[in-house]
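As the structure is a computational prediction, the values presented were derived from the model and not from experiment.
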Amino acid sequence: MVDAKLGGVVAPTSICDLLHERSGTAKTHRDEHMLFNRKNSKHFESLGIASVMGLQLVSGVVVGFAMGYYLDKYFGTKPWLTLIFLVFGIIAGYRNMFREMQRIQKKEAEADARNNAEKD
């Protein structure tokens with residue numbers, strides 16, 4: 001690579017870049033290695049959705065347990081309200097996770113329908 005501004009040779013960022021530049025495949029190869037290209041963005045979106053679903057499940061359990069624990073302390077009904085609210089928290093967490101999965105499936109079905117309509 002020659003830098004016109006400096007009038008000298010600029011070192012490539014990696015050996016891989018140098019080899020692909022010499023073979024004429026530099027642009028296509030760089031696109032494959034980019035972190036946020038279209039191909040990888042779908043993977044990041046899936047990772048984000050999975051982490052949100054996990055957080056929803058855990059937060060439901062933690063909130064249910066905390067509510068039951070403090071209500072037990074207030075009313076003096078030691079394990080019962082903690083257990084009841086823990087079960088409610090687990091149910092709420094799974095319900096939120098189930099709703100998120102339904103939303104994802106609906107979104108994918110709409111995208112598939114659009115892709116099929118474009119092909120026809």
_In one Ile/Leu/Val/Met/Phe/Trp/Tyr side-chain cluster, 4.5 Å: Leu55, Leu47_ = no

*Spacing of CZ belonging to Phe44 relative to CD1 belonging to Ile49, to within rounding of 0.5 Å*: 14.0 Å

*State the CG-CZ distance between Asn116 and Arg114, to the nearest 0.5 angstrom.*
11.5 Å

*How many angstroms lie between atom CZ of Phe75 and atom OH of Tyr70, to the nearest 0.5 angstrom?*
15.5 Å

*Would you sort out whether Arg103 and Arg99 count as a side chain to side chain contact (heavy atoms under 4.5 Å, CB included), showing the intermediate values?*
CA-CA 6 Å; Arg103 188 182 67 80; Arg99 283 183 176 175; over 6 Å; no

*Any link between Val58 and Tyr69 through a network of hydrophobic side chains (Ile, Leu, Val, Met, Phe, Trp, Tyr) touching at under 4.5 Å?*
no

_Within the 4.5 Å heavy-atom criterion, are Leu57 and Asn96 side-chain neighbours or not?_
no

*asked:* Determine whether Lys107 and Glu45 satisfy the following criterion, salt bridge (charged side-chain N to carboxylate O under 4.0 Å, His left out), listing intermediate values before the conclusion.
replied: CA-CA 13 Å; Lys107 184 179 173 183; Glu45 182 180 347; 3.0 Å; yes

*asked:* Quick check: is Val63 connected to Leu81 through a chain of hydrophobic side chains (ILVMFWY, heavy atoms under 4.5 Å apart)?
replied: yes

*Should the pair Phe88 and Phe85 be assigned to parallel (<30°), tilted (30 to 60°) or perpendicular (>60°) ring geometry?*
perpendicular

*Report yes or no: do Val61 and Tyr94 belong to one cluster of Ile/Leu/Val/Met/Phe/Trp/Tyr joined by side chain heavy-atom distances under 4.5 Å?*
yes

*Using modelled atom types only, decide if a donor and an acceptor are shared between the side chain of Asp72 and the backbone of Thr82 within a distance under 3.5 Å.*
yes

*Which atom pair, heavy atoms only, marks the closest approach of Gln56 to Met97?*
OE1-N, 3.9 Å

